[in-house]
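Taking it in order: structure first as structure tokens, then the write-up.
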Amino acid sequence: MFDVILLEDEAVLRDELCDFLSDCGYRIDAESSLTGFRQRFDPTRHGIALLDLGLPDGDGMALIQELRTHGENLGIVVFTARGSTRDRVNGLDVGADYYLSKTSDLDELAATLAALSRRLNAPSAKKADTWVLKPGPRSLHPPGGPTIALSEQDLTVLHELMRHAGHIVSRRQIIQALGEDFLSYDQRRLDTQMRRLRRKVHECGGLTLPINTARNVGYRFHAKALVSP
């Protein structure tokens, strides 16, 4: 089990979350402000951060950006009242691993933390885990897997996603990189392309291509990536 640092300014909810997650087996440190979080956070001990966004001394989004900029190897789960699609996209884009609304059931929160813990504990997270894209010959080199030959379209799509790894790349940006006109392009072709690419990676090495879909917005490559010149 990872130590969890909780950032929540509502006292009643903070106490409820502490009790619930303690019952789940987590060791919890709780803070009510950005200042308190920065003073309490210990990267050698805390493996997961559970963050509210609306805080008395600032915005939790800025904290996520700060943690990612500093390269902290930390699982981040947003738990907030901001539940719109745009808010979720922004949260994932700046570096959150999961984004949950406070209307979510606590069992869903526990399942999310458990899934994140498994991922952080996975052997691949402790080894070289960089996906490498090479333009010549066109190929994708997954960590611990076989080399995967790519089509020209595969290469173009992956190049856009992997050079912006960790951030959402818009559908418009990908379509334009393919040399197509966004307004006249049938976007179902892009969805088909992504399905084929995921299937190719799975069939070649039994691996899951680390790309998340931001519905109607774009895609995000969420693993470490290197694009060879």
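Remember, predicted model here, so these are calculated numbers, not experimental data. Side chains are part of it too, since the values below use all heavy atoms of this structure and drop only hydrogens, waters and symmetry mates.
Taken to the nearest 0.5 Å, the CG atom of Asp181 stands 8.5 Å off from the CZ atom of Arg172. Once rounded to the nearest 0.5 Å, the distance linking CD of Gln176 with OG of Ser170 reads 7.5 Å. Residue Asp3 holds its CG atom at 5.5 Å from NE2 of His46, rounded to the nearest 0.5 Å. A distance of 11.0 Å separates CG of Asp19 from SG of Cys24, quoted to the nearest 0.5 Å. Taken from CG in Leu21 to CG in Leu50, the straight-line distance is 6.5 Å, to the nearest 0.5 Å.
Arg14 is listed as a side-chain neighbour of Leu6, based on a closest heavy-atom distance under 4.5 Å. Side-chain contact check for Leu161 versus Met194: some heavy-atom pair is nearer than 4.5 Å. Between Ile76 and Tyr98, the closest side-chain pair of non-hydrogen atoms is not below 4.5 Å. Side-chain contact check for Ser228 versus Pro135: some heavy-atom pair is nearer than 4.5 Å. Between Leu7 and Leu34 the shortest side-chain heavy-atom distance falls below 4.5 Å. Asn212 has its side chain out of reach of Leu92: every pair of non-hydrogen atoms, C-beta onward, lies at least 4.5 Å apart. Inter-residue side-chain proximity for Leu158 and Ile211 is flagged as met; some heavy-atom pair is nearer than 4.5 Å. Inter-residue side-chain proximity for Val4 and Asp29 is flagged as unmet; no heavy-atom pair is nearer than 4.5 Å.
Linking Ile, Leu, Val, Met, Phe, Trp and Tyr residues whenever their side-chain heavy atoms come within less than 4.5 Å leaves Leu116 and Leu63 in two separate clusters. A single hydrophobic cluster is seen to contain both Tyr185 and Tyr219, as judged by linkage of ILVMFWY side chains at heavy-atom distances under 4.5 Å, directly or through other members. No chain of hydrophobic side-chain contacts below 4.5 Å, direct or via other Ile, Leu, Val, Met, Phe, Trp or Tyr residues, connects Ile48 to Ile64. Taken together through direct or relayed side-chain contacts under 4.5 Å among Ile, Leu, Val, Met, Phe, Trp and Tyr, Val227 and Ile168 form parts of separate hydrophobic clusters. At a threshold of 4.5 Å between side-chain heavy atoms, the hydrophobic network of Ile, Leu, Val, Met, Phe, Trp and Tyr places Val157 and Val217 in two separate groups.
Across all their heavy atoms, Arg220 and Ala96 have their closest contact at NH2-O, 3.9 Å. Counting all heavy atoms, side chain and backbone alike, Met162 lies closest to Leu226 at CE-O, 4.2 Å. Residues Thr156 and Ala177 come closest through the heavy atom pair CG2-O, 3.4 Å. Closest approach of Ser139 and Thr147 over heavy atoms only: CB-CG2, 3.7 Å. When all heavy atoms of Pro146 and Cys204 are compared, the pair lying nearest together is CG-O, 3.3 Å. The shortest non-hydrogen separation linking Cys18 to Ile28 is SG-CG2, 3.8 Å.
Residues passing the side-chain contact (heavy atoms from CB on, under 4.5 Å) test with Arg82, sequence neighbours excluded: Leu53, Asp59, Met61, Thr80, Asp87, Tyr99. Remark: Glu16 pairs with no residue by the salt bridge (Lys or Arg N to Asp or Glu O under 4.0 Å) rule, at least two apart or across chains. A search for side-chain contact (heavy atoms from CB on, under 4.5 Å) contacts involving Pro142 returns Trp131, Ile148, Leu207, not counting sequence neighbours. Glu180 is linked by a salt bridge (Lys or Arg N to Asp or Glu O under 4.0 Å) to Arg189, counting only residues two or more places apart in sequence or in another chain. Looking at residues two or more places apart in sequence or on another chain, you find a side-chain contact (heavy atoms from CB on, under 4.5 Å) between Ala49 and Ile5, Phe37, Leu51, Leu74. In this structure Arg68 satisfies the salt bridge (Lys or Arg N to Asp or Glu O under 4.0 Å) test together with Asp97, sequence neighbours excluded. Applying the ring-ring contact (aromatic ring centres under 6.0 Å, His included) rule to Phe79 yields no partners; only residues at least two apart in sequence or on another chain are considered. With sequence neighbours excluded, the residues that form a side-chain hydrogen bond (donor to acceptor under 3.5 Å, both in side chains) with Lys102 are Glu8, Asp52. Residues meeting the side-chain contact (heavy atoms from CB on, under 4.5 Å) test with Thr69, sequence neighbours left out: none. With sequence neighbours excluded, the residues satisfying salt bridge (Lys or Arg N to Asp or Glu O under 4.0 Å) with Arg138 are Glu152.
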Output, in order, the C-alpha distance, side-chain angles, deciding distance and verdict of salt bridge (Lys or Arg N to Asp or Glu O under 4.0 Å) for Arg171 and Asp191. CA-CA 10 Å; Arg171 298 174 73 89; Asp191 297 329; 3.0 Å; yes
Please step through side-chain contact (heavy atoms from CB on, under 4.5 Å) for the pair Ile174 and Leu190, ending with a clear verdict. CA-CA 9 Å; Ile174 297 171; Leu190 181 59; 3.8 Å; yes
side-chain contact (heavy atoms from CB on, under 4.5 Å) between Val94 and Asn90, worked out: CA-CA 6 Å; Val94 299; Asn90 287 341; 5.6 Å; no
Check the pair Arg163, Phe221 against side-chain contact (heavy atoms from CB on, under 4.5 Å), reporting the backbone distance first and the verdict last. CA-CA 9 Å; Arg163 72 190 183 98; Phe221 194 93; over 6 Å; no
Does the pair His164 and Gln173 meet the rule for a side-chain contact (heavy atoms from CB on, under 4.5 Å), with working shown? CA-CA 11 Å; His164 298 291; Gln173 185 173 335; 3.2 Å; yes
Please list, one pair per line, the donor and acceptor atoms closer than 3.5 Å that link side chains of residues 106-115 to other protein atoms, with sequence neighbours excluded.
| unit_1 | atom_1 | unit_2 | atom_2 | d |
| --- | --- | --- | --- | --- |
| Thr112 | OG1 | Glu108 | O | 2.9 |

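Contacts classified as side chain to side chain donor-acceptor pair (under 3.5 Å) and involving residues 199-209 (residues at least two apart or in different chains) are given here: Asp154-Lys200.
Using modelled atom types, one finds a donor on one side chain and an acceptor on the other under 3.5 Å when comparing Thr103 with Ser101. Using modelled atom types and a 3.5 Å distance limit, the side chains of Thr35 and Asp57 yield a donor-acceptor pair.
The pair Glu31-Arg38 fails the salt-bridge criterion, with no side-chain N (NZ, NE, NH1 or NH2) lying under 4.0 Å from an Asp/Glu carboxylate O.
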